[in-house]
Structure formats: C-alpha cells, structure tokens
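Below, chain A is the first sequence line, B the second, and so on; all start at residue 1.
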Amino acid sequence: MNETNPVNKDATASSLKMLQAMVGIGIFCALMIVLAFEGTMPRIEQNKAEALEKAIFKVIPGMETKKTFKLGPDNSFVPVDGKSKADQLVYAGYDQNGKLVGVAVEASGLGFADVLRVLYGYDPETQKIIGFYVLESKETPGLGDKIEKDPGFQSNFSGLDVSLTEDQSALKNQPVTVKHGAKENPWEIDGITGATISSRAVGNIMGTSTEFWVPLIHKNKETFMVSKTEQ
Amino acid sequence: MGNQTKDNKGFLASLKDSPSTDDFIKGLWRENPVFVQVLGMCPTLAVSNTAINAFAMGLATTFVLLMSNMLVSSLRNFIPKQVRIASYILIIASFVTVTDYVIQAISIDLHKSLGAFISLIVVNCVILGRAEAFASKNTVGRSFMDGLGMGLGFTFGLFCLGAVRELLGNGTIFGFPFFPSNFQEWIVMILPAGGFFTLAIWLLVFNALKEKRAKA
Amino acid sequence: MGLLNFRKSTFKHGVHPPEHKSETNGLPIRQFPFAPLIILPMAQHIGAPSQIVVREGQEVARGQLLAKAGGYVSVPLHAPVSGTIRKIANVPTISGKMSPGIFLETFPFSSQEVLEGTPVDLETATPEQILQGIQDAGIVGLGGAAFPTHVKLKIPEGKSCEALIINGIECEPYLTTDHRVMLEQADDIFMGIRYLLKATGAERAIIGIEANKQDAADHLEARIPEDIPVTVKVVPVKYPQGSEKMLITAVLGREVPSGGLPIEVNVVVVNVATTAEIGRLLPHGRGIQERVITITGPAVKKKGNYLIPIGTPLRYVLEQVGVDEQISEVYMGGPMMGVAVSNLDISIVKGASGIVAFTEEDVKRPQEIYPCIKCGACVDACPISLNPSKLGILAKFEAYDRMAEDFHLMDCFECGSCSYVCPSHIPLVQYFRLAKSIVRKRATAKQTAEHAK
Amino acid sequence: MLNRTLNISTSPHIVKGISTDSIMQNVVWALLPVALFAVYTFGMSALLVLVTSTAACVLTEHFMCKYSKKKSTISDWSAVITGLLLGLTLPPNFPLWMAFSGGVIAIALGKFIFGGLGYNVFNPALVGRAVLQAAFPVAITTWYPAFLPDRFFSVSVSTFTVPFMEPAIDAMTGATPLAAFKFDHVTTSTSDLALGLISGSTGETCALLILLGGLYLIARNMMNWRIPVAVLGSVYVLSGILYLINPQVYPSPLFMLFSGGLMLGAVFMATDMVASPITPLGVVVYGVIIGLLVVVIRIWGGLPEGVMYAILLANAISPHIDNLIRPRVYGTTKSLKRS
Amino acid sequence: MKSESLWYIFINASLINNFVLAYFLGICPFLGVSGKMETATKMGGAVTFVMIISSMCAYGIHSLLIAVNAPFLQLISYIVVIASTVQLVEMFIKKMSPALFRALGIFLPLITTNCAILGLALFQTNKGYGFVESFVYALGAGTGFTFALILMAGLREQLDFAEVPNVVKGTALTLLIAGILSLSFMGFAGLGS
Ligand SMILES: Cc1cc2nc3c(=O)[nH]c(=O)nc-3n(C[C@H](O)[C@H](O)[C@H](O)COP(=O)(O)O)c2cc1C
Ligand SMILES: Cc1cc2nc3c(=O)[nH]c(=O)nc-3n(C[C@H](O)[C@H](O)[C@H](O)COP(=O)(O)O)c2cc1C
Ligand SMILES: Cc1cc2nc3c(=O)[nH]c(=O)nc-3n(C[C@H](O)[C@H](O)[C@H](O)COP(=O)(O)O)c2cc1C
Ligand SMILES: Cc1cc2nc3c(=O)[nH]c(=O)nc-3n(C[C@H](O)[C@H](O)[C@H](O)CO)c2cc1C
Ligand code: SF4
Ligand code: SF4
Ligand code: SF4
Ligand code: SF4
Ligand code: FES
C-alpha cells in the first residue's frame with residue numbers, strides 16, 4: 001500500500017536484518033498462537049461437545065448418554081468416536097437404564113436464504129419423529145426463524161408419523177408441510193403463516209432425509225439397542 | 001501521503017513523548033474510524049445487527065488493535081521498512097487467531113453469531129492503518145492510548161449502529177425488551193439493507209450537524 | 001399518420017407543429033408599397049459585410065450598385081428603390097449589433113423602373129461566369145440562412161455534383177412564401193434551374209415539396225420543360241424537412257456525414273425562391289431589390305404574401321398591414337427557427353422569409369420549467385438522433401466538454417424540435433446554442449494556445 | 001400602437017401543448033377507475049389505505065421541499081401518483097400507520113435523496129413498497145377477502161392498528177392466486193383474474209381497468225407503449241414456452257399475465273419514464289429484462305411474486321442500457337461508444 | 001447429505017447472498033471505486049480473478065493443514081499465501097501481458113488484503129466445499145461482486161448529474177443506494193430451492 005513512501009534511512013537495511021526480523025516475528029507469533037491454541041483447546045472441545053450434546057438432548061428427550069455411529073459401506077452402522085467429518089454420522093441416545101430412546105440424525109437442504117441444517121430425533125420403537133432442532137439457519141429473523149423459535153411449529157415434531165410400509169423398505173407417507181391450520185394427518189407438518197417458504201423447506205428436508213434414513217435405522221435397530229453406551 | 005510531516009513530528013515528539021489524552025480522545029470523536037474515517041466498513045455493517053454482537057466485535061477489535069499497536073511500536077526500530085507491512089499482517093493475524101480461540105472458549109454461541117467476521121478483523125483497515133500510521137512512529141505508551149481510543153471509538157460506532165438496528169428491528173436492546181410486547185418490529189433493520197440504511201442515516205446526521213456548524 | 005406514410009420516403013424523427021398555412025397560402029403575391037425611408041444594413045448575409053460605394057447626398061436609381069462585395073464570401077447590394085442617400089451611419093440589425101448601413105430616402109413619385117445590367121447568357125456563359133453573375137446579382141440563400149449562393153455552388157476540387165435539389169419544402173409553420181413562389185414563378189424557377197445545372201455540372205435536378213403543397217407540385221410538374229432533367233418529389237409533411245440534411249435523406253436516402261457539407265454526397269441544395277431569383281435576375285444582369293415575404297400570425301390584420309423591397313423598416317411593414325393592440329412578439333422567419341425582434345427599427349433583409357406576429361394571448365408559453373422526466377419525447381423528435389435529454393442535463397451542470405465528446409453536441413443543427421416537444425419546457429436548443437459556442441470558443445482558445453507554444 | 005415593448009423569446013417560439021404536470025394529472029385520472037374498483041371490491045379499508053399513502057407522499061414532498069428551502073413541488077402531481085400507486089400495491093387491510101410510513105419512505109428515500117422529480121434512479125413507489133415488504137413481511141402478505149358483504153361500513157381489524165404496534169391478525173384472510181398456485185398448485189380462472197374477482201393487493205385485481213387506463217395514456221401520447229408491450233409480451237412468450245414444455249408443473253401464460261401485480265406493474269410502474277431508459281430500443285430491452293425476471297422469480301424463486309423486484313432491478317440496470325444502446329447519430333457510421 | 005448443486009452454489013454466491021449486498025464484504029472497494037464505470041469494471045474483473053486464485057490456494061492450504069493437523073495456522077497461512085500468490089501472479093502478468101497488467105495492475109495490490117477475498121476463503125472452508133465447488137463458489141462470488149459494483153457505478157455516474165441535496169452527497173448516498181439494491185436483490189431469495 002505504501003510503495004509511494006519516500007525511501008528513508010533504514011531502507012539500506014541488509015537482507016540479513018530483514019530475515020532476522022521476519023523470522024523473529026514469525027517465531028514469536030507462532031509461539032503465541034500455539035500457546036493460545038493449547039490453552040483454549042480443552043475448553044473449546046468441551047464447549048463444542050456440550051453444544052452437540054445439548055442439541056441431541058433437545059431432539060431425543062429423556063436421553064442420558066449417547067453413542068455415535070457411522071454408516072458403513074454395507075448399509076450397517078458401526079460405532080465410532082466421532083472425529084472424522086466426512087462420515088455420515090447418527091447419534092443413538094439412551095436413558096439412564098441404557099435403553100435406546102432415539103436416534104438423532106442431521107439433515108440439510110435449501111431454505112429461504114441459504115442452506116438449513118437441522119437435527120431430528122427418531123424413535124424406532126414408535127416409528128415417530130420425537131424432536132427437532134435447527135443447527136444452522138440464515139432465515140429472516142422474526143419470520144423464517146420461527147422454525148426454530150415458534151413453539152407451535154416445534155410441537156409438530158413431537159410425534160410426527162414416519163411409519164414404514166409392510167415390507168419395511170419405505171415410508172408409508174413422507175412428512176410434508178401444509179398450510180397453517182390445514183394439518184389433518186399425523187405425517188403432516190403444520191406450516192407457519194408468513195414463513196411458508198421456510199416451513200416448506202423444513203418439510204422437504206424432513207421428507208427427503210427420513211425417506212433415506214428411517215428404513216436404514218429401522219433395519220439396524222438391533223445394532224443400536226445392543227450397543228453399550230459411551231462414557 | 002502526509003506521512004512525512006507526521007513522521008517528523010512523531011520523531012521529535014518521541015524524544016519527550018508521553019502518552020497524552022489527546023491520543024485517546026481523538027479516536028473517540030474527532031477521528032472516529034466509523035463515522036469520520038469510514039474505515040473497516042465490512043465488520044461494522046455485518047455484525048451490527050444486534051447491540052451485543054456489535055459490542056463484542058468492537059471489543060475483539062479493540063483488543064487486537066491494542067495488542068498489535070503495542071507490539072508494532074515496541075518493535076518499530078527492529079522491523080526494516082521493506083518488510084513492515086508483511087510483519088504487521090503477521091502480527092495482526094496472530095492476535096486475531098488468538099482472539100478467535102479465546103472467544104470460542106468463552107462462548108460457542110457468540111462465536112457462531114459473529115461468524116467469520118472475527119477472522120476478518122485481520123483485514124480491517126483500521127488496524128493495519130493504525131499500525132502503519134501511528135504505532136510504527138510512536139512510543140509504546142502513545143500507541144497504547146491511540147489503540148485504545150481508536151478501538152473504543154470503533155466500538156462506539158458499532159454500538160451506535162447495533163443499538164439502532166436491534167431496537168427497531170427486534171424491539172430489544174442487549175436482548176432485553178425495550179418496547180411494549182406488541183411492538184411491531186421493522187425487520188428490514190436487521191436485514192443487510194437495514195445496515196446500509198442505518199449507517200447512511202448516521203452519516204447524514206453527522207453531515208447535517210457539520211453543515212449547521214459550518215453555517216453558524 | 002405514421003402508418004400511411006410508411007412507404008413514403010422521409011427522414012427519421014422530426015415533429016408536426018400545427019401548420020397554420022391556410023391563412024396565407026391562397027393569397028397571391030402582392031407588391032408592397034415603398035417605404036419613405038429605406039434602411040440597408042451592410043451585414044445582411046453570412047460572410048464579410050458589403051462595402052459601400054456611394055456618398056451621402058447622392059441620388060441613386062433602383063437597381064444601382066450601392067455596395068460591392070466585401071470579399072469572396074460576400075455579395076454586393078443594389079438600390080431597392082430610386083432615391084437619395086440621406087445618411088451613411090450605423091444601423092441596428094436583428095442580432096442586436098450595429099452594422100454600417102445606408103439610409104435611402106425614396107423618391108415619392110418615381111416610377112421605380114429597374115436598371116438593366118450586363119446579362120449572363122445561359123448558352124455561352126461558363127460555370128465561372130454564372131457564379132460571378134450570381135454574386136454580382138447580390139444573391140444569398142433566401143431559405144433563411146442568407147449564405148452567399150455563389151460560394152455554395154462552387155464545387156470544390158475533386159468533388160462533383162450529381163444532383164441538384166431545389167428546396168420547396170417550407171416546413172416552418174405559417175410561412176407560405178415558397179409555396180406562392182412555386183405557384184406564381186414557375187418559369188423563373190426553371191430558368192434558375194438551367195443556370196444552376198450548368199454552374200454545378202449536376203446531372204439532374206429534383207424539386208422537393210411537402211405534401212401540404214400538392215397544388216404547387218402539380219403546377220410545377222405540369223410545366224417541366226422538355227430540355228432539362230427535372231423531377232418533382234413530394235414528401236410527407238414533417239418539420240424540419242426543409243433543412244438540407246433532412247431533405248437530402250428524404251429525397252435521395254443519403255446521409256450527409258457528420259460535420260460535412262451536402263457536396264460530400266454529391267448534392268447541392270438551393271431554395272426555390274433563390275432559384276427563381278437567379279432565373280429572373282441573371283438574364284437581365286440585375287441585382288436583387290425585393291423578395292417575397294409572408295406576413296402573418298394572429299396579431300396581423302392584413303395577412304398575405306408580399307413582394308417587399310429589401311431595407312423596408314419593420315415598423316413600416318407592420319403599420320401597413322395593421323396589427324393587434326396586444327402584439328407582443330414578432331419573429332423574422334417562422335416560429336420554429338425565426339429570430340424574435342426586439343426593435344422595430346430594423347429592416348427587412350434578404351434572408352427574411354416571413355414575419356410572424358403574436359399577441360400575448362396567442363403566445364401562452366408555459367412559464368414553469370420542470371426537471372427533465374426522461375420522457376424521451378425529445379429523443380423521438382431529434383432528426384439527428386441525438387439524446388437531447390442527456391445533453392440538457394449535462395448542459396445544466398455545465399459539462400460542455402462531455403456533451404461534445406460523448407454526446408455529439410456539435411452535430412446538433414439547432415432545429416428546436418426537442419424544445420418544441422419537451423413537456424418540461426426545458427430550453428434545450430437554447431442550452432445547446434450556448435454550449436456549442438462555448439465549446440467552439442474553448443477549441444479556438446486551445447488552438448491559439450498551441451500556436452503560441 | 002407599435003410602441004409596445006416586444007417580448008424577446010428564443011426559437012422555437014411555439015411549444016407542443018403537453019406539459020409535465022398535465023401528464024402527471026392524466027396518470028392520476030387513468031388510475032382513478034382502478035382505485036374506484038379497488039374501493040368497490042375491498043370497501044372502506046382500501047379507501048383508507050389509498051388516502052393515507054397518498055396523503056403521506058404529498059405531505060412528505062411538501063415538507064421535504066420546505067426543509068431544503070425549495071419551492072414546494074406538490075403542484076406537479078407526481079407525488080400523488082407515487083402515493084396512489086404505493087397504496088394500490090398494498091393489501092387492502094394494511095395498517096394505516098404502515099401505509100403512511102411507506103409513503104414517507106417512498107418520497108424521502110425513493111425520490112428526495114436523489115434530487116426530487118426527474119432524478120430518482122428507482123421507482124419511488126416501489127422503493128416504498130420494498131422497504132415495507134422487508135420491514136413488515138407478515139402484514140404485507142396478509143390478504144383480505146374481496147366482496148365482503150359489509151365492506152363499505154366496516155374496516156378490517158388491522159386497519160386502525162396503533163402506530164408502531166403489531167396489527168391484529170384478521171380472522172378472515174384470503175390467499176392470492178399466486179400464492180395458491182405456488183404453494184398448493186391451485187389455479188384461478190383467467191376470467192376471474194381479468195375481472196378482478198380475487199383477493200390481492202388493493203389495485204392489482206382488475207386487469208381490464210388497468211389496461212384501459214394504460215390505453216388512455218397511450219392514446220394521449222403520455223406513456224411509452226413499448227414498455228408494457230415488452231414486459232407483457234416477454235412474460236407471455238417465456239411462460240408460454242415453459243407451459244408447452246410441461247403444463248403440469250408450469251402455470252399457463254394467461255394466468256401469469258393476469259395474476260399478481262404484473263398488469264399494474266407493467267402498465268403503470270415499469271412505465272415511469274424517470275427510472276427507465278430513454279431510447280426506443282433501450283426501453284424494449286428494459287421491458288424484456290423485467291419480463292424475464294418476473295418469470296424467473298415467480299417460477300424458480302422462493303417468493304410467489306417478483307414484479308416489484310424485477311422493476312427495481314431493471315431500474316438499476318437502465319443507466320447501462322442507456323449507455324450501451326444509443327441510436328446511430330445521423331451522418332456517423334457507427335453508434336458512438338463512450339470514450 | 002449433499003444438497004447444493006454447482007448451479008445453486010453459483011446463484012447463491014452471486015445473487016442470493018451477494019458478497020457486498022448481503023454479506024457486507026468488500027464494502028471498501030465497493031464504496032471506493034464504484035464512482036466510474038471504467039474502474040468499476042476493471043476492479044470487478046480483478047477481484048474475480050484474485051478470488052478464484054485465492055480460493056484455489058485456500059483449498060490447497062486447508063487440505064495441507066488438515067494433513068499436518070495444524071488448524072491454528074489457518075488464518076495466518078491464508079493471508080500470507082494469498083498475498084504472496086497474488087504478488088506472484090502480478091509479476092507473472094506483468095511479464096506475460098503488459099496490457100492486462102495495466103488494466104488490472106493498480107487494483108491487484110489493493111485487493112490482496114481485502115476482506116471479500118479472505119472471507120471467501122474462510123466461507124468455503126466452513127462450508128466444506130471441494131475443489132470444483134470452491135472454484136464455482138469463487139466464480140459466483142466474483143461475478144456477484146462485479147455485478148453489484150457495475151450496477152452501483154452506473155447509478156452513481158447518472159447521479160453525478162442530479163440535484164442531490166448536499167447533506168446526502170457522498171458516502172451516505174452510496175450507502176442508501178446500496179440499501180435499495182440490497183432490497184432488490186432479495187427478490188432472488190429462494191431461487192433454486
Ligand atoms: C424481507 C423478507 C424476508 C422474508 N423471509 C422469509 C423467510 O425467512 N422465510 C420464509 O418462509 N419466507 C420469507 N419471506 C417470504 C414472504 O413472507 C412470503 O410471502 C411468505 O413466505 C408467504 O407466506 P404466506 O403465504 O404464509 O404469507 C420473506 C419476505 C421478505 C420480504
Ligand atoms: C431546421 C432547418 C430547417 C430548414 N428549413 C428549410 C426550409 O423549409 N426551406 C428551405 O429552403 N431551407 C430550409 N433550411 C435551410 C436549408 O438547410 C438550406 O440551407 C437551404 O435550403 C439552402 O437553400 P438556400 O441557400 O437557397 O437558402 C432549413 C435549415 C434548418 C437548419
Ligand atoms: C406492481 C406490483 C408489484 C408487486 N411486486 C411484488 C413483489 O415483487 N413481490 C411480492 O411478494 N409481491 C409483490 N406485489 C404484491 C403481489 O402482487 C402479491 O404479493 C401477490 O399477489 C402474491 O402474494 P403472496 O406474496 O402472498 O403470494 C406487487 C404488487 C404490485 C401491484
Ligand atoms: C406513465 C407514468 C407512470 C408512472 N409511474 C410511477 C410509479 O410507478 N411510481 C412513482 O413513484 N411515480 C410514477 N410516476 C410519476 C413520476 O414519474 C414519479 O413520481 C417520478 O418517478 C418522480 O421523480 C409515473 C408517471 C407516469 C407518467
Ligand atoms: S425552417 Fe423556414 S426557411 Fe427552413 S425550410 Fe422550413 S420554412 Fe423554409
Ligand atoms: S435542436 Fe439539436 S438536439 Fe434538438 S432536435 Fe434539433 S438537432 Fe436535435
Ligand atoms: S422531452 Fe424534455 S422532459 Fe422529455 S426527455 Fe427530453 S428533455 Fe427530458
Ligand atoms: S484497505 Fe483499501 S479499500 Fe479497504 S478500507 Fe483501507 S483503503 Fe479502503
Ligand atoms: S473491504 Fe471489508 S473491511 Fe474493507
């Protein structure tokens with residue numbers, strides 16, 4: 001930015017001095033960063049874990065402990081310790097007796113403004129969605145963000161029907177959002193007036209995601225049940 | 001670039017230099033980075049949708065500004081001219097990284113709502129600008145006062161925006177309801193357009209005041 | 001209207017002001033009385049003023065040379081009446097400037113016979129001799145510009161003239177001068193064309209006439225002599241078709257290049273009245289003494305087409321025809337291009353094709369000027385396809401150089417169509433005249449500065 | 001008698017009869033039938049919205065001029081048009097304080113900051129509506145049913161909302177044809193649309209009256225016919241192509257033409273000459289851009305309606321259209337490019 | 001679950017979440033060089049160009065940092081690598097095409113520490129985009145930036161000749177127009193969903 005500055009006395013500084021300065025500053029900065037990183041990391045990890053825990057707890061009411069699974073290549077689930085980002089993960093939640101209360105699944109899709117990321121809990125026992133939480137959304141505050149805040153809308157997800165067909169390969173009815181006040185069937189989501197687009201987007205995300213995951217989880221119900229809990 | 005004169009003054013002054021209140025005061029008002037210099041606009045607008053975000057962002061920036069100003073000024077005789085910008089960026093980036101981690105350690109939620117804008121403090125022209133225009137030529141004490149003044153001035157500017165936007169756009173201030181419960185929020189204010197409008201209107205107010213004073 | 005004219009050739013854009021021609025177009029040309037005092041400014045044409053060759057107190061006969069040409073781009077002036085030179089002094093002109101001039105007192109009971117000069121023989125004369133004859137006759141463009149005709153007719157080295165266009169358009173509202181000339185002076189016109197063809201070497205002549213003068217077109221068409229290649233072309237009515245650029249486009253479909261003259265597309269344009277004058281004067285070697293002028297407008301009582309001696313004071317003219325008490329504006333020329341007269345002491349000049357007088361009532365010009373609302377009416381009107389709206393805004397902010405560089409200011413030929421249509425009543429062409437003069441001034445200033453280096 | 005001092009004008013000495021204020025007045029006349037029908041359809045509430053927005057615009061214009069020590073420009077009638085058009089694009093049950101705010105914003109933000117009449121680069125009425133839509137998205141998409149039996153004697157419960165307070169949600173709401181199509185895939189019959197037997201913004205419902213007003217202005221040479229033709233034509237053609245491809249998914253072109261704010265927008269708002277290009281070809285390009293954006297936003301966008309956004313975006317593009325599309329100047333070989 | 005097509009990434013970065021009008025990134029150049037069409041176009045081109053280069057660098061660095069498990073170096077290495085790459089590219093262009101250099105030249109150094117560039121790198125990392133996605137994202141962001149800049153320049157050039165009241169003239173006017181443009185761009189919301 002300042003090429004135009006007149007060269008002044010220290011312009012004659014030797015390359016050695018420049019190198020010294022850069023290396024010196026570099027080392028100092030590196031030290032500082034590493035220190036800060038090491039110092040804060042445990043706390044940050046804990047914060048993140050808590051946040052995830054909190055979210056999973058929101059979608060699987062009654063959960064005490066959880067265990068992370070990843071979808072293997074042969075459509076079966078294997079327990080993991082939950083580090084790798086690339087894997088498709090689900091979280092099984094258990095009550096204090098170690099009984100499976102639900103499986104939390106992450107899903108995403110396009111909302112009104114940008115990508116919506118949500119987490120929902122599925123109970124293989126009752127074949128219902130038992131909880132819903134918005135992880136990330138840029139929907140309009142006061143309008144589209146009612147999908148996270150509106151209790152009426154949230155209540156759609158305590159017992160949304162996702163039961164399977166006889167042969168257990170597909171959903172009987174995909175969840176779908178309908179106009180506010182027009183909900184008639186247990187698999188329908190009652191929309192929000194003034195935020196039709198966001199609530200429809202949630203419906204779409206839920207529909208697509210459950211269509212994929214619910215038959216899989218249901219099939220592997222046993223895997224989740226027999227698993228010993230984490231921690 | 002006017003630097004030359006400043007440089008000389010700074011050099012002379014630095015002999016008998018002591019931190020002065022003016023170094024501090026000027027950033028708050030006369031040379032306010034937001035309203036007068038109109039610098040660092042991106043973070044100003046992006047995180048000013050609520051007062052708390054604005055405040056947090058302001059403090060984070062102030063911290064980085066303060067630290068980098070001090071470090072730069074204490075190393076000012078050690079850094080050769082040719083590599084000064086590179087070193088400043090390095091220094092600023094390090095402090096920003098540190099700040100980023102500290103905020104994450106304090107609250108993940110706050111970090112989430114400030115988003116990538118914490119990292120973007122690196123390119124905030126105010127910081128590099130102060131390092132270049134002030135800290136590199138003045139004592140640690142004066143640079144501290146300058147950094148503090150500019151930082152708080154920046155925070156004040158952000159807060160002015162954030163408070164208006166939150167108040168009108170959400171009916172709250174620092175998250176606490178301010179209006180009766182059936183107040184109709186002006187949602188546009190928390191949308192990006194509202195950021196542009198609010199800053200423009202603050203600038204209008206300043207312009208009008210200036211014009212009035214010029215006439216009087 | 002637009003649909004009907006679809007196939008007829010004309011130029012792009014233009015406007016249709018109310019014509020008001022019926023009030024005078026049926027009235028034959030009548031001789032106007034001689035004023036007791038004739039005032040003749042020397043600067044009544046474009047170019048150098050004529051140089052006076054008579055003395056105060058001298059008696060002159062009608063048609064006698066009073067002043068000789070002041071250079072190549074200049075013409076002589078002949079006595080419009082027999083009389084005595086009263087005074088040689090400065091006289092006012094329409095531009096407001098003073099010009100050297102002659103006060104000529106008319107002999108009250110003279111027969112006003114015209115002196116004969118040396119005829120220019122059509123058969124034997126060379127083109128140069130014809131041009132000289134035209135200059136000697138004091139002929140300038142009677143279409144309004146008053147540019148010395150012999151200069152225009154001189155074909156530059158390396159160029160050739162293919163077509164001669166005789167301008168019988170008369171697109172200005174109210175004026176019927178050319179209309180009457182075509183109806184009453186057909187023989188003179190054809191004689192003039194003979195001279196012009198010979199002088200320019202043109203292969204053919206085309207008489208362009210607007211459709212509202214169909215009678216004149218028919219009249220001329222029926223009388224075209226066998227021996228000359230003349231055609232009559234009737235074009236739709238539209239202002240400013242009479243301007244030479246537009247007329248050339250309307251008649252031949254050619255466009256005169258920006259900044260160029262008609263000869264670049266091998267054409268020369270001469271007004272019908274000028275042509276008739278050439279045809280009438282040259283065979284007798286006479287000089288021009290009078291011209292046909294339409295005197296009309298709502299404030300005029302005895303409207304008509306009159307043959308008026310050059311130099312007749314305007315005040316005398318108006319007194320003779322009688323005007324309304326409430327007269328408030330008088331134009332020399334038509335209401336679209338004519339110049340408003342501030343002082344009735346000026347006199348009729350060769351370039352005056354009409355006198356139009358309005359009362360306050362008739363003017364009713366709106367006072368309020370609104371900002372440009374970008375309605376585009378001016379864009380649709382401008383025959384040069386400029387953007388008067390943009391030019392007007394730039395002029396308002398005095399960005400004159402930008403007007404010339406980016407928006408073709410210098411191509412504007414000041415027809416006024418844009419001002420005429422503008423609903424916001426922005427004085428567009430007035431702005432442009434000013435802007436053009438400033439741009440020209442700056443250019444010359446720059447040139448002299450460069451020369452000085 | 002010839003001693004009167006003569007008035008000196010510069011040529012041309014005559015002008016065509018049309019003047020800017022008379023154009024503006026005539027637009028108001030052309031809008032009146034639309035407004036009257038709106039009052040007939042929606043009753044008292046609609047009347048109040050129209051009066052409020054118009055009053056807000058006129059008052060704002062007056063006081064803004066006063067503040068900047070200029071002569072008041074309300075006599076040019078343009079503020080009346082802005083207010084009337086703003087009112088016509090709002091729902092009939094819109095709270096009056098919001099309509100008033102919209103009028104103030106339209107004039108202050110949409111017109112005054114640019115220098116007043118003739119200088120605004122966006123359509124002021126739509127700037128007002130855009131801010132309202134972003135500020136109060138719920139209120140502006142709460143629709144009132146048409147032809148309520150007691151509409152002339154009672155008003156919607158939200159009309160008289162206390163300023164700055166949230167409106168009560170009306171028990172009776174109607175859905176607009178566009179929303180019905182977008183979300184529930186229900187199409188409304190074209191004749192109902194054309195005659196205005198539907199719910200929607202105050203002034204958008206009767207397409208025929210809007211067209212009539214437009215034809216009147218075109219006949220009086222006060223409106224550029226190319227703009228509505230280009231907008232409506234391009235919408236018709238584009239949606240027609242889509243409809244031919246798949247009539248199950250895409251709405252019919254006639255439905256597209258007659259629904260939502262398209263007719264009002266194309267005839268009265270895209271035609272605001274101040275914020276549109278000036279050359280004949282430029283204006284057609286502008287119209288086609290609007291048409292294209294309307295189709296894209298309605299069919300692939302998140303919102304059911306996009307006329308307002310399409311016009312505002314096209315307004316922003318029009319300086320470029322004027323820059324790029326310039327007629328060839330007489331006697332030059334190519335159209336002049338910017339230096 | 002992958003839900004973003006390349007097309008959506010492009011539309012999202014350019015129109016729906018335009019960097020300037022929705023994310024407030026690159027406001028300084030937006031305010032600074034939008035006064036004249038000519039500079040605006042060049043600046044837009046230069047920003048797009050730098051965005052694409054930076055985005056590709058950032059992708060590489062990110063992969064590397066993951067591999068060596070040093071996430072804390074992300075910010076520093078982004079800014080240093082982007083700045084030096086742009087410098088290298090600048091020298092390269094200077095050698096290869098002086099004409100292009102003259103067109104972009106003065107803008108490149110200004111852009112290097114511009115927040116839109118760094119923001120792009122950070123966002124693409126946060127969103128976990130792959131190489132091709134990053135490229136399209138950068139292209140979209142650059143196109144959107146250029147589009148906004150050009151629109152603004154056209155409007156401002158026109159308003160140079162308008163009777164803008166004195167108090168409004170300058171930055172305030174530009175910001176108000178930006179606000180209206182931002183509102184107009186909201187029409188693109190939900191496009192492609
Ligand atoms: C500024 C603004 C923000 C909006 N934000 C959202 C949003 O976040 N979510 C949404 O579904 N619709 C949003 N909308 C769209 C409208 O509210 C849309 O008309 C509404 O979704 C239609 O729903 P309705 O038929 O229930 O009125 C927004 C509109 C505007 C103008
Ligand atoms: C706007 C405009 C309108 C004109 N209209 C006429 C006209 O109607 N008749 C005419 O003879 N000359 C008209 N002229 C002048 C012609 O361009 C041209 O100078 C004239 O026809 C040449 O003939 P002259 O030199 O014999 O007068 C007009 C010029 C301009 C600029
Ligand atoms: C000229 C005009 C332009 C409009 N532009 C828009 C627009 O851009 N977006 C919008 O949501 N509504 C707009 N409206 C209102 C719509 O017509 C209304 O929203 C439409 O009937 C669809 O309603 P919905 O958004 O509830 O589905 C406009 C109305 C008019 C008269
Ligand atoms: C055909 C026509 C359409 C108009 N449309 C609008 C409009 O949509 N919005 C508006 O605010 N003014 C409109 N006006 C009025 C006027 O042009 C407007 O107030 C200016 O934009 C203010 O500078 C219109 C005027 C005419 C003649
Ligand atoms: S403007 Fe006048 S002089 Fe020129 S052509 Fe028309 S009537 Fe004749
Ligand atoms: S006066 Fe000039 S700009 Fe106006 S219409 Fe005539 S040629 Fe065009
Ligand atoms: S006619 Fe007048 S108001 Fe219309 S565009 Fe031209 S200058 Fe502007
Ligand atoms: S870095 Fe450059 S563009 Fe950004 S604020 Fe500073 S001067 Fe403006
Ligand atoms: S460009 Fe973003 S802070 Fe300057």
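- Atom NZ of K138(A) and atom CD1 of I16(E) lie 12.0 Å apart (nearest 0.5 Å).
- Within 6.0 Å of the NZ atom in K94(E), the count of heavy atoms belonging to other residues, nucleotides or ligands does not exceed 12.
- Remark: A30(A) engages no residue in a side chain to side chain contact (heavy atoms under 4.5 Å, CB included) (not counting sequence neighbours).
- Counting non-hydrogen atoms of neighbouring residues, nucleotides and ligands closer than 6.0 angstrom, the NZ atom of K127(E) exceeds 12 such neighbours.
- Contacts between residues 62-75 of chain E and chain A, counted as heavy-atom pairs separated by less than 4.5 Å, involve P71(E), F72(E).
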